[in-house]
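Here is the structure we will look at.
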Amino acid sequence: MRLLNNLTRISNFFVKRRNELFTRQFWSTVARVARERFDFFNRVSQEEFMNNLRQIERRPWNLHIELTNICNAKCIFCAYPFQSRKKMVMNSSVFSKALDNYCSMGGGELMLQSCVGDPLLVPDLIQFIKTSRSRPEITKIAIITNGINMDKTGIEKLLHSGITDISISTGPWDEDLYKLIYQTNEYQRVVQNVTKLLKMNSEAGKPVRIKICFRSNLTMKKTLELPDYQNVRAFPHEVEFNVDFDTWLGEIRQENLMDGMSIRPLSRLEKEPCYWLYDGPIVFVDGKVGLCGCRDFNAQSELVIGNIIESNLLDLWQSEKTRNLRQRFTDGNFPDICKKCTTYANLDLYRSKRGVSRAELVKEWSESRANSGQL
């Protein structure tokens, strides 16, 4: 099943983008996906794979904190308009407890990103980032944003806040297409904000890794050839590209999208946990803790394992409920939310040298904490 899923993903990728087979952008994407997803040439033994999982079960590799579930766009590919939970900004006490719990277990990478919201709408975002950066346990701080509110947040402040990674989710840089896909009239503001961010980052010596993530109805080649994008192409940044999208548990259908965009097929679930269950938990805006920061947009699925206001983050990660959820995949008794998902990914990462590196870092933390009596 695992081999079939991998081959299916590859074949679907080639079929959907067959019109781009002879472009440099296509093969650059193929190389990136192959490195990140499949890594065939760096496989480890089954024993090493199981050891990697045991180490990650001791503590999460990273932590996602949803600072808000409010957004200022209504993208045609996103479930934000279908969200039923209360829209709010995270209380500073919830953030502080999540950060303290994470640092007490050794810290690591911190993702200040929302499931369906934009972190730039958080009034105290810069302070949250600075507070996180002041903790030596935190190695990386990343956000994903549509860039609309970047000027109000303060581009220079953001760039020098201590953040390490900024991903910009945006439509093709054509005003009419952008409006149709992102359902907002803020196109010129986005272009100006991202242009200024890239220029200032370049002048400062590239302290922040910046990625422009195009959600487009055009081919990669046509998207990257749009005149407005040419004005920033020379500034250092990475590019990610999407033309196929998730259903968000059935809320988004093909008729919601534009020609050139497509819905992914339902995932073939394997009898091993999804990658997310061995990555890191998400602390939702109200303090709930879940194992899926990818598609649980109402934070009410079976993958919610507790609340950080009432519990310790590490206890939740090591809890019987978390273990049972992983076991349900092995038993073929998949959670309902997962049955509707198109983004399931198996644990192949932990069958690679990259997975070994993660496990070794976690083991190093565990041993140092045990020796100091903190574990």
Test item: T145 and I168 side chains (from C-beta on) under 4.5 Å apart, heavy atoms | yes
Regarding N146 and N72, is there a side-chain donor-to-acceptor distance under 3.5 Å anywhere?
-> yes
Can you measure from CG (L110) to CD1 (I65) and round to the nearest 0.5 angstrom?
-> 5.0 Å
Answer yes or no: is there a side-chain heavy-atom contact under 4.5 Å between D286 and E66?
-> no
Contact summary for E302 and I337, nearest pair of heavy atoms = OE2-N, 4.4 Å
Are the side chain of Y102 and the backbone N or O of H64 linked by a donor-acceptor pair below 3.5 Å?
-> no
Minimum heavy-atom separation for V243 to G260, with atom names?
-> CB-O, 3.7 Å
Report yes or no: does S202 contribute a side-chain atom to a donor-acceptor pair with the main-chain N or O of K199 at less than 3.5 Å?
-> no
Any donor-acceptor pair under 3.5 Å from Q318 side chain to R58 backbone | yes
Would you say E47 has more than 12 foreign heavy atoms packed within less than 6.0 Å of its CD?
-> no
So, do N62 and K140 sit near enough that their side-chain heavy atoms are less than 4.5 Å apart?
-> no
Just wondering, more than 12 heavy atoms not from K97 lying within 6.0 Å of its NZ?
-> yes
Cluster link L257 to F297, ILVMFWY, side chain under 4.5 Å = yes
Between K288 (side chain) and A299 (backbone), is there a donor-acceptor pair under 3.5 Å?
-> yes
Would a distance-only check, ignoring hydrogens and angles, find a side-chain to backbone donor-acceptor pair under 3.5 Å from W317 to I56?
-> yes
Please check if the side chain of N324 supplies one atom and the backbone of E320 the other of a donor-acceptor pair under 3.5 Å.
-> yes
Verify side chain to side chain contact (heavy atoms under 4.5 Å, CB included) between V304 and Q300, making sure each step is shown before the conclusion.
-> CA-CA 6 Å; V304 173; Q300 61 183 16; 5.8 Å; no
Are M111 and I138 joined in one hydrophobic group, where the rule is that I, L, V, M, F, W and Y side chains link up if heavy atoms are under 4.5 Å apart?
-> no
So I70 and V89, side chain to side chain contact (heavy atoms under 4.5 Å, CB included) or not? Walk me through it.
-> CA-CA 8 Å; I70 304 171; V89 172; 4.3 Å; yes
Any Lys/Arg nitrogen of K339 or D336 sitting under 4.0 Å from an Asp/Glu carboxylate oxygen of the other?
-> yes
Check whether the side chains of T170 and Y182 place a donor and an acceptor atom closer than 3.5 Å, and report yes or no.
-> no
Taking all non-hydrogen atoms of both residues, which atom of C71 and which atom of G117 are closest, and how far apart?
-> CB-CA, 4.0 Å
Does the side chain of I148 reach to within under 4.5 Å of the side chain of L120, using non-hydrogen atoms?
-> no
Atom pair CZ (R328) and CG (L303), whose distance is rounded to the nearest 0.5 Å | 8.5 Å
For the residue pair V232 and V194, establish whether any side-chain heavy-atom pair is separated by less than 4.5 Å.
-> no
Would you say C78 and V116 make side-chain contact, with heavy atoms under 4.5 Å?
-> yes
Stepwise ring pair (Phe, Tyr, Trp, His ring centres under 6.0 Å) check, Y229 with H237 | CA-CA 12 Å; Y229 177 66; H237 66 281; 5.8 Å; yes
Answer yes if F245 and F82 sit in the same cluster of Ile, Leu, Val, Met, Phe, Trp and Tyr residues linked by side chain heavy atoms under 4.5 Å apart, and no otherwise.
-> yes
Give a yes or no on whether the backbone of D165 and the side-chain of R209 come within a donor-acceptor separation of less than 3.5 Å.
-> no
Where W173 and G171 come nearest, the two heavy atoms and their spacing | CD1-O, 3.3 Å
In sequence, state the C-alpha distance, the side-chain angles, and the governing distance for M90 and V122, and then conclude on side chain to side chain contact (heavy atoms under 4.5 Å, CB included).
-> CA-CA 8 Å; M90 180 174 281; V122 176; over 6 Å; no
Salt bridge flag under 4.0 Å for residues D176 and K179 | no
Look at atom NZ of K152 and say whether more than 12 heavy atoms of other residues, nucleotides or ligands are closer to it than 6.0 Å.
-> no
Test item: S352 side-chain N/O and R43 main-chain N/O as donor-acceptor pair under 3.5 Å | no
Would one find more than 12 heavy atoms of other residues, nucleotides or ligands at under 6.0 Å from atom CD of E156?
-> no
Do I282 and L325 share a hydrophobic cluster (ILVMFWY, side-chain heavy atoms under 4.5 Å, transitive)?
-> no
In terms of hydrophobic clustering (I, L, V, M, F, W, Y; side-chain heavy atoms under 4.5 Å; direct or indirect links), are M150 and V190 co-clustered?
-> yes
Below 4.5 Å, heavy atoms only, C-beta onward: do S216 and K222 meet side chain to side chain?
-> no
Taking side chain as C-beta onward, heavy atoms only, is K271 less than 4.5 Å from T330?
-> no
Does N346 offer a backbone N or O that forms a donor-acceptor pair with the side chain of E270 under 3.5 Å?
-> no
Looking only at heavy atoms, what is the nearest atom pair of S301 and D296, with distance?
-> OG-OD2, 2.7 Å
Working to the nearest 0.5 Å, report the span between CG of N298 and CZ of F284.
-> 9.5 Å
Taking R358 for the side chain and Y350 for the main chain, is one N or O donor matched with an acceptor at less than 3.5 Å?
-> no
All heavy atoms of N217 vs all of P172, minimum pair found to be OD1-CG, 3.9 Å
Would you give the length of the straight line joining atom CD1 of I163 to atom CZ of F128, rounded to the nearest 0.5 angstrom?
-> 13.5 Å
Checking side chain to side chain contact (heavy atoms under 4.5 Å, CB included) for the pair T247/R264: CA distance, chi angles, key distance, verdict?
-> CA-CA 7 Å; T247 66; R264 301 182 193 123; over 6 Å; no
Roughly how far, to the nearest 0.5 Å, is CD1 of I126 from CZ of R133?
-> 13.0 Å
Salt bridge (Lys or Arg N to Asp or Glu O under 4.0 Å) test vs D246 passes for just one of R253, R215, R295, namely R295
Interatomic spacing from NE2 in H160 to CG in N201 - rounded to 0.5 Å | 8.5 Å
Can you tell me if Q192 and D151 form a side-chain donor-acceptor pair at under 3.5 Å?
-> no
